2 protein chains.
Amino acid sequence: MARKTGSHSEITGPRIRAAALTLFARNGFAAVSMRQIAAEVGVQAGALYLYTPDKETLLFDLLKSHMDELIATWDALPPAATPPARLEAFVRFHIGFNLDRADAVFLSYMELRNLGPANFATIEALRRDYENRLGAILHDGQAAGDFTAPDAKLATLAIIAMLTGVTTWYREGGRLSRDRVGDIYWDMVRKSVAA
Amino acid sequence: MARKTGSHSEITGPRIRAAALTLFARNGFAAVSMRQIAAEVGVQAGALYLYTPDKETLLFDLLKSHMDELIATWDALPPAATPPARLEAFVRFHIGFNLDRADAVFLSYMELRNLGPANFATIEALRRDYENRLGAILHDGQAAGDFTAPDAKLATLAIIAMLTGVTTWYREGGRLSRDRVGDIYWDMVRKSVAA
DNA sequence: GTCTATAGAAAGATAGAC
DNA sequence: GTCTATCTTTCTATAGAC
């Protein structure tokens with residue numbers, strides 16, 4: 001198809017989202033101006049409004065994409081045979097996926113309050129959706145006698161909080177490799193729900 | 001001493017800090033204006049500057065007070081005899097203290113990026129100071145053969161993240177009492193570092 | 001598709017009256 | 001100690017030229 005002079009929509013859109021993600025995570029949604037995002041991309045502020053109706057929608061799209069991808073990626077993995085094996089897979093998946101997307105993870109926990117009620121509810125529902133996948137593993141394992149958790153719902157929240165915390169301190173090239181971190185967390189999680 | 005007409009400094013200062021804490025936690029530091037804080041207190045915006053040199057210092061004072069009180073309160077507790085007993089005390093203390101101050105906890109994790117380098121370093125040092133108290137318990141317990149944690153530093157961070165997560169979902173008057181939550185988390189923590 | 005220019009609102013912080 | 005008033009800057013979002 002013909003390329004119009006000055007048309008870069010196919011590349012500018014993603015670059016805007018990437019710049020917004022980085023800046024929002026680093027400085028906070030409210031502290032980042034549309035001008036800053038535009039400057040990072042190399043366009044003027046007004047040009048951003050060709051790609052988003054407003055600032056909040058830009059944030060919402062980032063969070064929605066992140067949650068959709070999180071769930072879709074997990075669901076695409078072949079399920080392991082037993083609850084303990086599924087739990088191990090979940091631990092390693094959650095750490096790995098979130099470490100690859102530390103900015104989006106931070107945003108999805110810290111900037112929800114900048115969404116309007118409808119957008120907020122959408123993201124919250126996706127989060128619960130994801131958490132329920134861990135909840136189901138714990139439930140199945142409990143029924144099979146593999147796990148003993150006094151309260152499956154609390155165990156879910158406790159494990160997710162523990163795993164997600166990795167994104168706050170892990171640094172690439174640091175003392176521990178990702179696999180080693182996965183090993184250590186899996187050891188703790190495994191024991192924490194042990195029968 | 002004589003009371004000057006219109007003088008309310010002894011009450012206004014704390015009320016400003018309380019309003020700022022609530023508003024910052026609910027809406028985010030950057031999203032809250034000095035005018036909003038003043039309106040909540042019932043004074044005009046200019047009056048706030050009698051109590052703080054600027055907005056960032058107001059945030060810093062809130063975070064500093066919180067960390068100081070956290071550490072002082074823990075240090076004032078009589079230490080339990082054994083590492084497992086000390087670990088249990090820490091779990092219950094951390095949950096209880098943080099549930100009483102959910103706003104400050106949220107702030108101290110989410111709004112550090114709004115501090116300048118010097119203020120940031122101060123709060124980070126206090127946080128490490130507190131974390132090291134848990135680290136010492138795990139270290140002592142490991143030496144005594146009470147615990148087996150593949151990596152004491154990671155276990156510290158994992159446990160803190162897990163416990164602090166309670167503040168994101170706990171609601172007073174909900175399904176579980178605080179004591180019950182403490183029981184369940186202690187069960188998981190105890191097992192997670194079991195020998 | 002992007003730019004310049006700008007409308008209109010709101011921000012942090014200060015000055016001076018009371 | 002607080003208020004009113006305001007300076008100055010910055011913000012989101014839009015209009016219209018190219």
Side-chain angles (χ1 to χ4, degrees), chain A residues 1-24 26-63 107 111 113-116 119, chain B residues 1-63 107 111 113-116 118-119:
Chain A
M1 74 179 74
R3 178 77 175 283
K4 290 192 186 118
T5 307
S7 168
H8 303 97
S9 72
E10 280 155 29
I11 182 91
T12 303
R15 288 185 64 213
I16 289 172
R17 302 225 316 246
L21 177 62
T22 304
L23 288 170
F24 287 164
R26 184 150 56 217
N27 306 114
F29 173 77
V32 173
S33 70
M34 296 298 266
R35 282 176 178 79
Q36 272 178 277
I37 298 168
E40 187 79 13
V41 174
V43 297
Q44 292 300 314
L48 299 184
Y49 291 88
L50 295 169
Y51 301 91
T52 183
D54 54 40
K55 195 182 171 192
E56 184 197 321
T57 303
L58 180 54
L59 173 64
F60 173 72
D61 288 343
L62 291 172
L63 299 182
L107 272 196
E111 304 292 359
R113 59 195 174 190
N114 290 297
L115 297 177
N119 285 341
Chain B
M1 75 178 72
R3 177 79 175 283
K4 292 194 185 115
T5 306
S7 169
H8 302 98
S9 71
E10 281 153 29
I11 181 92
T12 303
R15 289 186 62 211
I16 288 172
R17 302 225 315 247
L21 177 61
T22 304
L23 287 170
F24 287 163
R26 184 151 53 216
N27 305 115
F29 173 76
V32 173
S33 70
M34 296 298 267
R35 284 173 177 81
Q36 272 179 275
I37 298 168
E40 187 79 14
V41 174
V43 298
Q44 292 299 312
L48 299 184
Y49 292 88
L50 295 169
Y51 300 91
T52 183
D54 53 40
K55 194 182 172 191
E56 184 197 321
T57 303
L58 181 54
L59 173 64
F60 173 71
D61 288 342
L62 292 172
L63 298 182
L107 271 195
E111 304 292 0
R113 59 195 173 188
N114 290 297
L115 298 178
N119 285 342

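Letters A, B, ... mirror the listed sequences (proteins, then strands); counts begin at 1. Since we're looking at a predicted model, the values are computed, not measured.
- Rounded to a whole Å, the CG atom of B:D54 is 20 Å from the P atom of D:dT8.
- Here A:T12 reaches the OP1 or OP2 of C:dT2: one of its side-chain N or O atoms lies under 4.0 Å away.
- Environment of CZ in A:R17: sparse, with no more than 12 heavy atoms of neighbouring residues, nucleotides or ligands closer than 6.0 Å.
- In this structure, CG of B:L48 is placed 12 Å from C1' of D:dC3, rounded to the nearest angstrom.
- Rounded to an integer number of Å, the gap from B:L50 CG to C:dG12 P is 17 Å.
- Closest heavy-atom contact between B:I37 and B:I16: CG2-O, 4.1 Å.
- Comparing A:A47 and A:A31 by the nucleotide of DNA chain D that holds the closest heavy atom to each, the one mapping nearer the 5' end is A:A31.
- Rounded to whole angstrom, the span from the CZ atom of A:F29 across to the P atom of D:dC11 amounts to 13 Å.
- We find that CD1 of A:I11 is positioned 16 Å from C1' of C:dT2, with the value rounded to whole Å.
- At least one donor-acceptor pair closer than 3.5 Å links the side chain of B:E56 to the backbone N or O of B:G116.
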Under the salt bridge (charged side-chain N to carboxylate O under 4.0 Å, His left out) criterion, do B:R26 and B:E40 qualify, and how do the steps go? CA-CA 13 Å; B:R26 184 151 53 216; B:E40 187 79 14; 5.4 Å; no
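- In this structure, A:I37 atom CD1 and D:dA13 atom C1' are separated by 13 Å, rounded to whole Å.
- To the nearest angstrom, C1' of C:dT2 lies 15 Å from CE of A:M34.
- Across all non-hydrogen atoms, the minimal contact from A:E111 to A:L59 is O-CD2, 3.7 Å.
- OP1 and OP2 of C:dG1 both lie 4.0 Å or more from every side-chain N or O belonging to A:Y49.
- Within the structure, every side-chain polar atom (N or O) of A:Q44 is placed at least 4.0 Å from both OP1 and OP2 of C:dT2.
- Listed pair B:S33 / C:dA11 meets the phosphate criterion, a side-chain N or O lying under 4.0 Å from OP1 or OP2.
- Counting non-hydrogen atoms under 4.0 angstrom, B:V41 reaches nothing in the nucleic acid.
- Atoms CZ (B:R35) and C1' (C:dT14) sit 12 Å apart, rounded to a whole Å.
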